[in-house]
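Because only heavy atoms are used, hydrogens play no part in the values below, and waters and symmetry mates are left out as well, while side chains stay in.
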Amino acid sequence: MSISFLLELKNISKNFGGVRALHNVHLNLGYKEILAIVGDNGAGKSTLMKIISGAILPDSGNIFFEGKKVSIKSPQDSLGLGIQMCYQDLALINCLDIQSNLFMGREISRKFLGHIHFLDKKRMRHHSNEHLKSLGISIPYLHEKVGNLSGGQRQVIAISRAVYWGKKLIILDEPTAALGVQESGKVLDLIRTLTDKELSVIIISHNLQHVFSVADRVMVLRRGENAGDRIIKETDGDEVVKMITGAEFSDQEIHG
């Protein structure tokens, strides 16, 4: 029997004290699919992604990955499944160079005298160079400190790190936020290539123009609940905005 979805979430709910963040949310993501999740601030987008990445636990609901029910109780569980999240703050260390940021927390070491460990910077530089080349990324000097890079270059490095460690699913939180038009274009070009690497992608974004330029499908959350799910080629910005704001219900009441 073929497996239709890489990831399925069923009836996911989460409360923070008396605040309901998510209520019976459903999500499915196909293999090599780019899914955009949109909604106003407080719609539950980040909470849902943190549940998938293991940063927080749901109060109820089930998660299925490659057709099997899984329990994601920590980021390590998520990473073990092949899921990697790239947060909006990028989590880069400005005073470290590119290769050190790519391998941060997972550094390659070598032994000296049989028991003393040293960082193997040569191997990390080689792997970093090969990985960036495979993504079509050209940054001449891997020893450049990340703090000296442009916003777009920093975002590309953060996404590249997520791709290096996330083998099946990459989650991107506002990947083009605060970037100019040209740098946003480069980041979007990179995102489009990820499915060629056999990856599935979830993007959280407020920029509908960017969503329509890269996503295969858009899912709308409103007040912690599913508000709609559309194939990009079968919808438009007006319909998505109506789902985000709830205006489609007002239209139905007026014309009903």
Quick one: salt bridge (charged side-chain N to carboxylate O under 4.0 Å, His left out) partners of Asp229, sequence neighbours excluded?
Arg217
Any heavy-atom pair between the side chains of Ile12 and Leu48 that's under 4.5 Å?
yes
How long is the straight-line distance from OG of Ser205 back to NZ of Lys45, given to the nearest 0.5 Å?
9.5 Å
So, does Arg125 use its side chain to make a donor-acceptor pair with the main chain of Gln99 at under 3.5 Å?
no
Nearest-0.5 Å distance, CZ of residue Arg161 to NE2 of residue His131:
10.5 Å
Path from Val241 to Ile232 over hydrophobic side-chain contacts below 4.5 Å
yes
Val240 and Arg230, any side-chain heavy atoms less than 4.5 Å apart
no
Minimum heavy-atom distance Gly54-Ile72, with the two atoms named:
CA-CG2, 3.5 Å
With side-chain hydrogen bond (donor to acceptor under 3.5 Å, both in side chains) as the test, pick out the partner of Ser150 among Glu183, Gln155, Gln182.
Glu183
If we only count heavy atoms from C-beta on, is the Val220 to Ile37 side-chain gap below 4.5 Å?
no
Please step through side-chain contact (heavy atoms from CB on, under 4.5 Å) for the pair Val38 and Leu208, ending with a clear verdict.
CA-CA 8 Å; Val38 300; Leu208 290 185; 4.1 Å; yes
Salt bridge (charged side-chain N to carboxylate O under 4.0 Å, His left out) partners for Glu225, two or more places apart:
Arg20
Any side-chain heavy atom of Ile63 sitting closer than 4.5 Å to one from Ile51?
yes
Linking Ile, Leu, Val, Met, Phe, Trp and Tyr through side-chain heavy atoms less than 4.5 Å apart, which residues share a cluster with Met104?
Ile93, Leu96
Dump the intermediate steps for side-chain contact (heavy atoms from CB on, under 4.5 Å) on Tyr87 and Ile171, then the final yes or no.
CA-CA 8 Å; Tyr87 290 95; Ile171 303 172; over 6 Å; no
Step by step, work out the side-chain contact (heavy atoms from CB on, under 4.5 Å) result for Val187 and Val156.
CA-CA 6 Å; Val187 171; Val156 164; 4.2 Å; yes
Looking at side-chain heavy atoms only, is the closest gap between Gln84 and Leu79 below 4.5 Å?
yes
Taking all non-hydrogen atoms of both residues into account, name the closest pair between Ile191 and Pro175 and its distance.
CD1-CG, 4.0 Å
For Glu144, does the CD atom sit with more than 12 other heavy atoms under 6.0 Å from it, leaving out its own atoms?
yes
Does any non-hydrogen side-chain atom of Asn15 lie less than 4.5 Å from one of Leu22?
no
What are the two closest non-hydrogen atoms of Ala36 and Val211, and how far apart are they?
CB-CG1, 3.5 Å
Can you find a side-chain donor-acceptor pair between Thr176 and His210 that sits under 3.5 Å?
yes
Lys121 meets the salt bridge (charged side-chain N to carboxylate O under 4.0 Å, His left out) criterion, sequence neighbours left out, with none
Closer than 3.5 angstrom, by distance alone: can the side chain of Asn226 be matched with the main-chain N or O of Gly228 as a donor-acceptor pair?
no
Say you draw a straight line from CD1 of Ile52 to CG of Leu169; how long is it, rounded to the nearest 0.5 Å?
7.0 Å
Does anything in residues 185-200 form a side chain to side chain donor-acceptor pair (under 3.5 Å)? List the pairs, not counting sequence neighbours.
Asp189-Arg192
About how many Å separate NE2 of His23 and CZ of Arg223, when rounded to the nearest 0.5 Å?
14.0 Å
With distance as the sole test, does Ser53 use its side chain to make a donor-acceptor pair with the main-chain N or O of Met85 at under 3.5 Å?
no
Contact summary for Ser160 and Leu135, nearest pair of heavy atoms:
OG-CD1, 3.7 Å
For Lys167, does the NZ atom have more than 12 heavy-atom neighbours from other residues, nucleotides or ligands under 6.0 Å away?
yes
For Arg154 against Leu149, the heavy-atom pair lying closest together
CD-O, 3.8 Å
Please round to the nearest 0.5 Å and tell me the distance separating atom CE of Met219 and atom CG of Leu29.
10.5 Å
All side chain to side chain contact (heavy atoms under 4.5 Å, CB included) counterparts of Phe103, not counting sequence neighbours
Ile108, Met124, His127, Ser128, Tyr164, Trp165
Among all residues two or more places apart in sequence or in another chain, which pass the side chain to side chain contact (heavy atoms under 4.5 Å, CB included) test with Ser46?
Asp173
Which residues pass the side-chain hydrogen bond (donor to acceptor under 3.5 Å, both in side chains) test with His206, sequence neighbours left out?
Asn41, Glu174
Closest approach of Phe5 and Asn28, non-hydrogen atoms and distance?
CE2-OD1, 3.4 Å
Results of side chain to side chain contact (heavy atoms under 4.5 Å, CB included) for Lys69 - residues two or more places apart only
Asn62, Phe64
Pairing residues for Ala21 by the side chain to side chain contact (heavy atoms under 4.5 Å, CB included) criterion, not counting sequence neighbours:
Phe16, Thr47
With side-chain contact (heavy atoms from CB on, under 4.5 Å) as the criterion, how do Leu172 and Ile204 come out once you've worked through the C-alpha distance, each side chain's angles and the decisive distance to 0.1 Å?
CA-CA 6 Å; Leu172 304 175; Ile204 302 173; over 6 Å; no
Considering residues at least two apart in sequence or located in another chain, which fulfil the salt bridge (charged side-chain N to carboxylate O under 4.0 Å, His left out) criterion with Asp59?
Lys14
Any side-chain heavy-atom pair of Leu35 and Val201 under 4.5 Å
no
Excluding sequence neighbours, so at least two apart, what forms side-chain hydrogen bond (donor to acceptor under 3.5 Å, both in side chains) with Ser100?
Asp97
Donor-acceptor contact below 3.5 Å, side chain Asn101 vs main chain Leu92:
no
So, taking the atom named CD1 in Ile98 and the one named CD1 in Ile157, what distance separates them when rounded to the nearest 0.5 Å?
4.5 Å
Does a side-chain heavy-atom distance below 4.5 Å link Leu57 with Lys73?
yes
